Structure formats: C-alpha cells, structure tokens
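Below is one structure, written out as structure tokens, with a few remarks after it.
If you read the sequence from its start, that first residue is 1, and numbering goes on from there. Keep in mind that this is a model prediction, so the values were computed, not measured.
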Amino acid sequence: MKSKTPRHGLPVDVDASEAMEDAQYLLIPIVENFGPHHKTLYLGNLPAAEDADALLNANITESLNVSINIFPQDLALSDGTKVRRYQIGMIDGPGNSPHLLAAAVMTLQGLMHGYIEGKPHYPQHHCGNILIHCRGGRSRSVTVLALWMAAYCPKQFASFKDALDHIRIIRTLPQSYPLPGMMALAEEVISAGLIPGLIG
C-alpha cells in the first residue's frame with residue numbers, strides 16, 4: 001500500500017514566536033465591498049485556510065494560496081458549500097519569476113471582480129468573500145495583496161508602498177516583512193510594467 005504524500009512541506013527551522021503564531025488561525029479583512037459582487041478580501045494563513053468554521057463565519061468561499069509547498073485540504077462548509085481553491089505557488093525568497101507574481105495579482109483581481117457560476121454537476125457553491133494566504137500571511141501573500149491594492153484600489157492606495165504600509169499596520173508586521181526576496185520581486189514587477197498603472 002502506498003503511503004500518502006503529505007499535503008504540507010512546512011519548514012522546521014522557524015523561530016519559536018513565528019511557529020507559535022503559525023499555529024493560530026489568522027483572518028483579517030483588508031478590502032471590503034469591492035467590485036460588482038461587493039466582496040471582502042481577507043488576508044490569512046494556512047490554519048485559517050483549513051478552518052471551516054472561520055471561513056463560514058466570514059462567508060469565504062474561495063481561496064488563493066501563493067505558497068509552493070502547502071496544499072490546503074478540500075473543504076466543505078457546514079452549509080454544503082465546497083470551497084474553491086486556487087494556487088500560484090512561489091517560494092519565499094529569490095528565484096521566482098516576476099511573471100508568476102504578476103499572475104498571482106491578476107488571479108486575485110479575477111476572483112475579486114468576477115464570479116464563475118457552477119454547472120449542475122459541479123459541487124455546491126455560492127458567491128462569497130476571498131481569502132489570500134501563504135503559510136503565515138506575512139510575506140508572499142502580503143506582497144501579492146499590496147500589489148493588487150496599488151493596481152486596483154488607486155483611490156485608497158496611491159502606490160505599492162502606501163498599500164504595504166497599510167497592511168503592515170493592520171497585520172502588525174515589522175518593516176522586515178515581506179522578506180527581501182519578495183520585495184525585490186515586487187520591484188521587478190513594477191519596473192517591468194507587468195501590471196499596467198502600478199506605481200512603486
């Protein structure tokens with residue numbers, strides 16, 4: 001009998017405070033009432049992505065995971081809704097393509113701006129809010145989120161820096177996050193003009 005492949009390749013060399021934080025679910029509304037479907041966009045972490053009660057309470061029905069090494073479980077909420085999972089995996093460090101980061105931003109825009117109705121044979125689903133997450137909700141997901149906010153919420157956030165400062169306050173992140181690899185990648189995306197209208 002084959003052994004099951006683990007869903008998560010979690011690091012073992014994180015400091016104690018980070019490991020303690022990662023054990024608790026994190027779910028923070030960042031942008032509310034956005035787009036034609038009036039969606040709220042939440043920033044979270046892996047435990048939140050796998051907490052059916054927390055997702056149900058926040059009316060989250062879709063999630064975008066931007067980690068390369070974690071795979072949240074299939075999840076049906078208690079009302080019968082099957083959570084739709086999307087993933088664009090990146091490592092939290094150098095080596096990612098700027099096009100991959102830009103693709104994550106565009107995917108988030110697609111999820112926030114639209115809704116795909118199911119077909120009769122698809123799992124039960126309804127239009128709800130969106131969760132973007134990585135392992136801890138500190139670096140990869142924050143980078144994608146700040147780029148998206150700067151590109152698609154320009155009235156509230158004039159630049160990537162403005163959006164990032166806003167998230168750092170809400171998330172209580174130090175200036176050391178996002179990590180340098182993700183910050184450098186964001187600058188590549190901005191300087192290459194991969195997302196039209198985006199300002200650093």
Minimum side-chain heavy-atom gap [X]-[Y] below 4.5 Å:
X: Val189; Y: Val105; answer: no
X: Pro72; Y: Asn65; answer: yes
X: Asn96; Y: Arg140; answer: no

Residues clustering with Ile68 (ILVMFWY side chains joined when closer than 4.5 Å, directly or via others): Ile91

Hydrophobic cluster partners of Ile199 (side-chain heavy atoms under 4.5 Å): none

If you round to the nearest 0.5 Å, how far is [atom2] of [Y] from [atom1] of [X]?
X: Arg84; Y: Ser63; atom1: CZ; atom2: OG; result: 12.0 Å
X: Arg138; Y: Asp92; atom1: CZ; atom2: CG; result: 8.5 Å
X: Leu75; Y: Ile60; atom1: CG; atom2: CD1; result: 11.0 Å
X: Ile190; Y: Leu185; atom1: CD1; atom2: CG; result: 10.0 Å
X: Met183; Y: Ser139; atom1: CE; atom2: OG; result: 9.0 Å
X: Asn129; Y: Thr61; atom1: CG; atom2: OG1; result: 7.0 Å

Quick one: side chains of residues 48-59, donor-acceptor pairs under 3.5 Å with protein atoms, not counting sequence neighbours, listed by atom name and distance.
unit_1: Glu50; atom_1: OE2; unit_2: Arg7; atom_2: NH1; d: 2.4
unit_1: Glu50; atom_1: OE2; unit_2: His8; atom_2: NE2; d: 3.3
unit_1: Glu50; atom_1: OE2; unit_2: Gln73; atom_2: N; d: 3.1
unit_1: Asp51; atom_1: OD1; unit_2: Asp53; atom_2: N; d: 3.2
unit_1: Asp51; atom_1: OD1; unit_2: Ala54; atom_2: N; d: 2.9
unit_1: Asn57; atom_1: ND2; unit_2: Asp53; atom_2: O; d: 3.2
unit_1: Asn59; atom_1: OD1; unit_2: His126; atom_2: NE2; d: 3.0

Non-neighbouring partners of Ile28 that pass side-chain contact (heavy atoms from CB on, under 4.5 Å), sequence neighbours left out: Leu26, Ile30, Ile170, Arg171

Set of residues satisfying side-chain contact (heavy atoms from CB on, under 4.5 Å) with respect to Ala151, sequence neighbours excluded: Ile195, Leu198

Quick one: do [X] and [Y] end up in the same hydrophobic cluster if we chain Ile, Leu, Val, Met, Phe, Trp and Tyr together by side-chain heavy atoms under 4.5 Å apart?
X: Leu77; Y: Leu27; result: yes
X: Met182; Y: Met149; result: yes
X: Leu164; Y: Tyr152; result: yes
X: Leu101; Y: Leu111; result: yes
X: Leu43; Y: Phe160; result: yes

Salt bridge (charged side-chain N to carboxylate O under 4.0 Å, His left out) contacts touching residues 143-162 (sequence neighbours left out):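 Sorted result for residues 143-162: Lys161-Asp165.
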
Between [X] and [Y], which heavy-atom pair has the shortest distance, and what is it?
X: Pro36; Y: His113; result: CG-O, 3.1 Å
X: Met112; Y: Leu41; result: CE-CB, 3.6 Å
X: Gly44; Y: Ser141; result: O-OG, 4.3 Å

Residues forming a side-chain hydrogen bond (donor to acceptor under 3.5 Å, both in side chains) with [X], sequence neighbours excluded:
X: Glu62; answer: Tyr86
X: Gln175; answer: Arg168
X: His125; answer: Tyr115
X: Gln124; answer: none

Contact list for residues 177-200, test side chain to side chain donor-acceptor pair (under 3.5 Å), sequence neighbours left out: Glu18-Tyr177

Among Leu147, Val66, Ile88, Leu64, the one residue meeting side-chain contact (heavy atoms from CB on, under 4.5 Å) with Leu108: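 Among Leu147, Val66, Ile88, Leu64, the one that satisfies the side-chain contact (heavy atoms from CB on, under 4.5 Å) with Leu108 is Leu64.
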
Side-chain donor or acceptor of Lys39 paired with backbone N/O of Gly114 under 3.5 Å: yes

Pair listing, ring-ring contact (aromatic ring centres under 6.0 Å, His included) test, anchored in residues 23-72, at least two apart: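 Every ring-ring contact (aromatic ring centres under 6.0 Å, His included) pair that includes a residue of residues 23-72, provided the two are not neighbours, is Phe34-Trp148.
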
side-chain contact (heavy atoms from CB on, under 4.5 Å) assessment of Glu32 paired with Thr40: CA-CA 4 Å; Glu32 300 184 55; Thr40 295; 3.8 Å; yes

